[in-house]
Asks: 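Once you've had a glance at the structure underneath, I'll fire off some questions.
Small disclaimer: the values here were computed from a predicted structure and weren't measured. Just so we're on the same page: letters track the sequence lines, and every chain starts at 1.
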Amino acid sequence: MNPTESLSFLHDFLFNITFHFVGDVPMSSLVKTRFAPSPTGYLHVGGARTALYSWLFARKNADNGKFILRIEDTDQVRSTAESAAGILSDLQWLGLNWDEGPVVGGAKNEYFQSMRLDLYNKHLAELLAKGLAYEAYESTAQLTAMRQAAEKEKRAFRYRRDMPGRQLAAQEGVKPVVRFAMPYKDITVNDLILGNVTVTGSEHDDIVIRKSDGFPTYHFAVVVDDHYMCITHVLRAQEHFMNTFKHIGLYEALGWLPPQHGHLPLVVNADNSKMSKREKAKAVRAEIQKAGIKDFTDLAAKSGLGLKDLQDFMAKKTDAVEFAVKLAPLLGPVSSGGLKLPEIDVQDFRRSGYLPEALLNFVALVGWAPGGDREIVSSQELLDLFSLDGIQKTPGRFDRKKLAWMNGEYIRKASLDRLLEVLEQFNAVTDYPIKKADRSVQREILTMYQERMVTLAEMAENARFFFEEPTMDPKAVEKFITKNDGRTFLQSAQAILSAVGGPWSKDNIAAPLEQVLALGEKRGAAAQPIRVAISGNSVTPPLLETLALLGRETTLVRMAKALAM
RNA sequence: GCCCCCAUCGUCUAGCGGCCUAGGACGCCGCCCUCUCACGGCGGUGACACGGGUUCGAAUCCCGUUGGGGGUACCA
């Protein structure tokens, strides 16, 4: 018995054990799940949820549950190493650690499909030899024509080995593909979430399992790998559901037992559209239209994009994320960094200053409920409560407002040390002025904002005035300085505060500040002019802490400047 | 078009034949607290898609209609 055969045997052996016990004693049966992203972009929040559920399902079985990470890079054109690295880093940030896979290694030691070509080819040859797979010689153009013809006649196009009009011999310049001879029989999937579903034999088609470039397709690689890696439970997005019938056919042809499958509902946008990176392009286009920009020459020059590219982008010929990213800073409220693109990928949320635990908690609740009236659920509790029973069958909308609330909850409950730690991670991927501040100053600011921020990005933005000259909001200046006795209050405040003796500390300025706040008919009427003078805005943390951190000189200079306005 | 899945407040959901004049959370609205903004507290708005069955009894079971989602690639 060679190593792969023995592994295969081991799989069957282990699988049989779980097979009998599923539903009876799940805690003691072996569970092995995997997350298998294709490295063609960043890790999407939907993907993060799939990973989380798979992770939870495996980790629940603390004794013998295993969670595997596998990179499905069979698409040579779109896969990139950077993307794979990004996905790994996002998973790590979320705390979803894996037992086998890239970096950590494992039994198979090859967790990139592109490294496993020999294995796929071996089984491909086996299927070919048994007549369970065959070469097909159509060109892409021929296939397209066949499809169009079928559509014209209003019938479904299915490639089958006995269909009329097949290209029966190899053609010059066309490399053949290998197709799987899908059996003509009904196939039933016992889905862990959707239940028993049967697809009639006549509905199947002979899918491509090896592309003309020699790489296996997803369908083939996934079956081979899930088998060799001894995966017992496959949890994946519902978009894969119809594939499962083909995969079952493949398992049978290879003489293997299929794992259990569970298909997760999709995570969609508020308008029911699939949540995708396209959102970013959409947001940018909408903003350009809103601004009424018809001539793109200027915008193209400023963004560094070609005019043709920009025109194509606007004509929806491309949804390139890179374009959207280049254009966003030039649009919307330019003074505060331009148009904010919608967060779609995990790293977007990271840059916006969401806490990984909050994102995880939130994403867990889209499509699953722990039962009872629980909302805030820690990872540990998630592990205790998670069950496939609570998973919804309908697509779940991604409600950013609720995520924002939840992030705020986590921030308020976090210890200052945790917050500092999270800020450090946040600073590593962003460039706000707080990044360069001393740790003690960061601590002060975090304390001030803990109860009033929703994201770290919001805090970092609002706290800018501690580090740089504030940009004065004209409306606030008019309302609180020019009008409503603003100057009078400011003058008194200046007089009182400049008389503060000793060090400029909270203790020393508390009483004078109280004196200022007592000015005017309503207590605190004098607060707003000061706020605007020091921050340019009518909203800041409480004045005492704010002034203390700002320092004597900055406070007084800014007040003088405001008085001169 | 064809195949598959699904259907409770705007959103995420609880509910698995009587406990439901349908509960919670986010959002939204109002009030209180208050130096601004938040936080916090209190209250309010708001749903069983529709039509047939089954049953003493249906949000819960069955059928149909409508609606939504997924699939229909040499992408995963």
Asks: Side-chain donor or acceptor of A:Thr394 under 3.5 Å from a matching atom on the base of B:C6?
Replies: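 Check fails, no donor-acceptor contact within cut-off.
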Asks: May I ask you to evaluate whether A:Lys393 reaches the phosphate of B:C6, defined as a side-chain N or O under 4.0 Å from OP1 or OP2?
Replies: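 Answer is yes, contact under 4.0 Å.
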Asks: Can a salt bridge be assigned to the pair A:Arg160 and A:Asp205 using a cut-off of 4.0 Å between side-chain N and carboxylate O?
Replies: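 Looking at A:Asp205 together with A:Arg160, the answer is no, because their closest N to O distance does not fall below 4.0 Å.
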Asks: Classify the nucleic acid contact of A:Val208 as base, sugar-phosphate or nothing, counting any heavy atom under 4.0 Å across all strands shown.
Replies: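 Since only primed, P, OP1 and OP2 atoms lie under 4.0 Å of A:Val208, the category is sugar-phosphate.
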Asks: Rounded to whole angstrom, note down the P distance from B:C32 over to B:C50.
Replies: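 Rounded to whole Å, the distance is 40 Å.
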Asks: Can you tell whether the side chains of A:Arg464 and A:Glu461 come within less than 4.0 Å, N to carboxylate O?
Replies: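 A salt bridge links A:Arg464 with A:Glu461.
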Asks: I'd like to know if the side chain of A:Arg116 reaches the main chain of A:Glu110, judged simply by a donor and an acceptor atom lying under 3.5 Å from each other, with no hydrogens or angles considered.
Replies: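 At least one qualifying donor-acceptor pair exists.
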Asks: What is the distance, to the nearest angstrom, from the CE atom on A:Met182 to the C1' atom on B:C3?
Replies: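 Atom-to-atom, A:Met182 to B:C3, this comes out as 13 Å.
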Asks: Establish whether the base of B:G24 is bridged to the side chain of A:Glu375 by a donor-acceptor pair shorter than 3.5 Å.
Replies: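 Pair found.
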Asks: With rounding to the closest Å, how many angstrom separate the C1' atoms on B:U21 and B:A58?
Replies: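 Nearest-Å result for B:U21 against B:A58 at atom C1': 16 Å.
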Asks: Given that A:Arg155 and A:Glu72 both sit by RNA chain B, which one's nearest nucleotide is further toward the 5' end?
Replies: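 Counting from the 5' end, the first nearest nucleotide belongs to A:Arg155.
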Asks: Mind checking if A:Arg179 touches a base, just sugar-phosphate, or nothing, with heavy atoms under 4.0 Å?
Replies: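 Touches sugar-phosphate only.
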Asks: A:Gln171 and A:Gln142: side-chain donor and acceptor closer than 3.5 Å?
Replies: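 Yes.
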Asks: Using a heavy-atom cut-off of 4.0 Å across all strands, would you classify A:Gly367 as base, sugar-phosphate, or nothing?
Replies: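 Answer is sugar-phosphate: A:Gly367 comes under 4.0 Å of backbone atoms only.
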Asks: Between B:G23, B:C35, B:G71, which nucleotide has the shortest distance from any of its atoms to the side chain of A:Leu543?
Replies: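 Minimum distance to the A:Leu543 side chain belongs to B:C35.
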